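Below is one structure, written out as structure tokens; comments come after it.
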Amino acid sequence: NNDVVMTLQSIPGDMAHLTLTHPSTPHGQLERENRRMFRNWLSLLDDCVGVDGVVTLPSPPSPTLTSLAADTGGAESEDVTIANTTTTANRTEINDKIAEALAQLATKLQSNNQDALPYLIIFQQSSSIYTLMSFLTTIIQPTDNDGTTNINENAPTKEEVHKLQILRQTANTLISILSSSSKENVKCTALRGEIRDLFIVGLNRLVGLLFRLFVATTSVGDGGGTGDGAVSPKNVVLDLLKLSISAVRGCEGGKVAFVQSTIDDSFVKVAAKNNNLTLCNTKRGGVQVLYTILSNTTLKVGYNSSWEEESATMNMMIIEATCQLLTTLCRYDDFRTPSTAGGAGGAAAAGGVSTSSAHDHAMEFHRVGVESLLVKVADGILNDLLLVDGEDTDDGVVNDEEGLAKKELLAAAVLTALRVLAVNDEIIQTMVALGVLPIVTKAMRLSVTTNDTTTTIDEEESSTRSNLLRKHRLAAGALGLIRNLCGNDEIKTNLCLGSSTDHQQVSISSTPSALPHLLRAMQLYPTVSPIQEHACGTLAAMALRRPSNARAIIDEGGPRLILTAMKRHEENVSVQRQGALAVRNIVSRLMRDLDGSSGDNVASGNTTVEDARSAIRDRFGELGVEDVLRNIAGRHQGSVDEAYAALRDLGYSVTLTKFSAEDLEGGSNISNSNVVGRTMMFGEKHNSNFRPVYEQSTGLDNAVDEAISNFGA
């Protein structure tokens, strides 16, 4: 009876692996059979790992393998006879069974499987994560330090191909286990976080394997091996990069372990000499492997055969994954609480890490000059995108929509990686010296290039709409980088007003204004919240301490687009906060400028200061700014302070009241005396009785004498 069956959501998480259906029903029988088969797949993999952690593919007959071969397991399983002697056919059969076991685990444990919770619990309780860690040494053993891998790169044997296939399937299985989804069961997400914490001890092995296999790709040449059923070191390198992303995302301890991992010095030296690799001078294994991939992977724009096209596509995918991994390492995203991190507490769940390491990692990559590699890649791919638009080019390249999409995704990934590295003025200045300003302006121009009649993405015909949907990631990546670059006052003025009047690059640091493209992106992508958040944040940064920038934003119609974004994204706190901050900075700077704090004054001729103030307020008031700030931004805890400051600087009557938790729980009237009082804003007087000039109080000497006499008595 479906009415009395307990669901997985209604029972404790550590009991979700129990089978609650009746064993005589078809559903109960199938559920028990699936659990039994899952445990058998785990046992088969455990049989391959010795007590020393070395993987040895079992020789027939294997008890677990024999059991699996005899299982019917539904329509997809077949009876298999296991011989008592080891032959090539038997070895192939065993490898196929191992690959099948790994594939079955991936299917049961992937985040889009609604029934993944019981299998995750079984997997965690069996400690099978350590078995999969051991499988990462299928190709390369930790003691191999001669600069080579255990495969023949140019002509791999059948056995070596099998090992590569098992290694690749292992990586994909681990990705399925470690990757979370926002739509997933909360209990599943918590379990995956705990398994990621367990995987931290395997990250050093993963970094070494990634470096060694990339060295193998430099020996292979430009072969991609991306066709159906094909496998090569490049395929596995890409899968290991994706595995690294899944392993460190949402796990601060994992990020620290990845960056601080070590690679054997003797192997690094021999590999660099034998393969003519460009390396960096660092002891950080994670930094070394990402730098090596970026500096030794060639991006080819033109190719004259399908083989060259396949290789170029694989190289783009490898660089894109490398940039995504770098972005993950330099971004804090471990927001787990002690209750969801095995009692250890979020970031502190591994290695005692309790604070963000994003800044430290950005500095590690900056010290070896990673930004110069990223700027070079961004410049090359954006120049290629500027030259083509889905048509044949002179070099024989056919850039169809799919090809353009891949290049735009790569450009977006590179720009996002540059954004997370731009954490201080030193790095920003380095990027500007490398020529990042014209590059990011070029990216903005590409992301909004369309016909002049386009109003929004929703109103376009299907072909143009598809083109804009494809480009929105490029727009978000470019806007995010511009937002961080605006932390420097001089640079943000160049980006807002431009240091040249056209799109021709006068010098490496010259750039036309990015403001028109920024506002155009807000108009074209009104429903894309990351673009609206980055755009509002960029406008807020541009207007801060720069009246000329604030005036340019108003003249270009910025206020209307800011408030439109806030109205459309009412529940997005980040958009509300950045939008309110943009309004506040624009208004505050212009209002102060009217007081003559700068030489460039808005009030001129017969226009009085008060008239100019009223004109600014009316400009925002006509757009409904008061209603947006009070009733949309003002009702979110994360944006109420910015909304208050914007209303105050606009001259509206506004108060900010702070309540205690007891008041809210007890349902007290907000007008009674239980309120704590409003939060004081920066620049306000905290003590209205404070006297800046010393004045001696009346009768002070008599009071002191009386106190002394009383003390003496």
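Here, residue 1 is the first one in the sequence, and each next residue gets the next number. Source: prediction; values computed, not measured.
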Query raised in the report: So do the side chains of L495 and C486 get within less than 4.5 Å of each other, counting heavy atoms only?
Result: yes
Requested in this report: Report yes if some heavy atom in the side chain of V583 is under 4.5 Å from a heavy atom in the side chain of V628; otherwise report no.
Outcome: no
Query raised in the report: Considering only heavy atoms from C-beta outward, does the side chain of I427 approach that of V423 to under 4.5 Å?
Result: yes
**Report entry** Shortest non-hydrogen separation from I553 to L539 and the atoms involved
**Finding:** CD1-O, 3.7 Å
**Report entry** Salt-bridge criterion met for E570 and R635 (N-O under 4.0 Å)
**Finding:** yes
Query raised in the report: Is a side-chain N or O of R551 found less than 3.5 angstrom from the main chain of L590, in a donor-acceptor match?
Result: no
Query - Min side-chain heavy-atom separation D333-K255 under 4.5 Å - result: yes
Query raised in the report: Are V528 and P530 side-chain neighbours, meaning at least one heavy-atom pair lies under 4.5 Å?
Result: yes
Report task. For the pair R577 and D641, find out whether any cationic side-chain nitrogen is under 4.0 Å from an anionic carboxylate oxygen. Result -> no
Report task. Check the surroundings of atom CD in Q429: do more than 12 heavy atoms from other residues, nucleotides or ligands lie under 6.0 Å from it? Result -> yes
Report summary line: Note: Y525 and A475 closest approach over all heavy atoms is CE1-CB, 4.1 Å
Query raised in the report: Has the side chain of S246 got a donor or acceptor atom that lies under 3.5 Å from a matching backbone atom of S179?
Result: no
Query raised in the report: For A543, does its backbone N or O pair with a side-chain atom of N549 as donor and acceptor, under 3.5 Å?
Result: no
Requested in this report: Compute whether any side-chain donor of one residue and acceptor of the other, for R445 and H517, lie under 3.5 angstrom apart.
Outcome: no
**Report entry** side-chain contact (heavy atoms from CB on, under 4.5 Å) between Q578 and T538, worked out
**Finding:** CA-CA 9 Å; Q578 297 303 325; T538 302; over 6 Å; no
**Report entry** Distance-minimising heavy-atom pair for Q110 and A116
**Finding:** O-CB, 3.9 Å
Requested in this report: Give a yes-or-no answer on whether the side chains of T493 and R546 include a donor-acceptor pair shorter than 3.5 Å.
Outcome: yes
Report task. Could you tell me whether the side chains of T327 and T416 share a donor-acceptor contact shorter than 3.5 Å? Result -> no
Requested in this report: Verify the distance criterion only: is there a donor paired with an acceptor across the side chains of E371 and H366 at less than 3.5 Å?
Outcome: yes
Query raised in the report: Less than 4.5 Å apart, any side-chain heavy atom of L650 and any of L629?
Result: yes
Requested in this report: Report the C-alpha separation of S180 and T189 in whole Å, then their side-chain angles, then the decisive distance to 0.1 Å, and conclude whether the side-chain hydrogen bond (donor to acceptor under 3.5 Å, both in side chains) test is met.
Outcome: CA-CA 6 Å; S180 301; T189 302; 4.8 Å; no
Query raised in the report: With a 4.0 Å cut-off, would you call D489 and K492 a salt bridge?
Result: yes
Query - Side-chain heavy atoms of Q532 within contact of S529, under 4.5 Å - result: no
Query raised in the report: If you draw a 6.0 Å radius around CZ in R560, do more than 12 non-hydrogen atoms from other residues or ligands fall strictly inside?
Result: no
Query - Side-chain donor/acceptor of E408 to backbone N/O of L382, under 3.5 Å - result: no
Query raised in the report: Can E184 and R192 be counted as an ion pair, charged N to O under 4.0 angstrom?
Result: yes
Query raised in the report: Is the shortest heavy-atom distance from the side chain of V370 to the side chain of L326 under 4.5 Å?
Result: yes
Requested in this report: Before accepting this row, confirm whether a basic side-chain N of the pair R336/D334 lies closer than 4.0 Å to the acidic partner's carboxylate O.
Outcome: yes
Query raised in the report: Would E252 and S357 count as having a side-chain donor-acceptor pair, cut-off 3.5 Å?
Result: yes
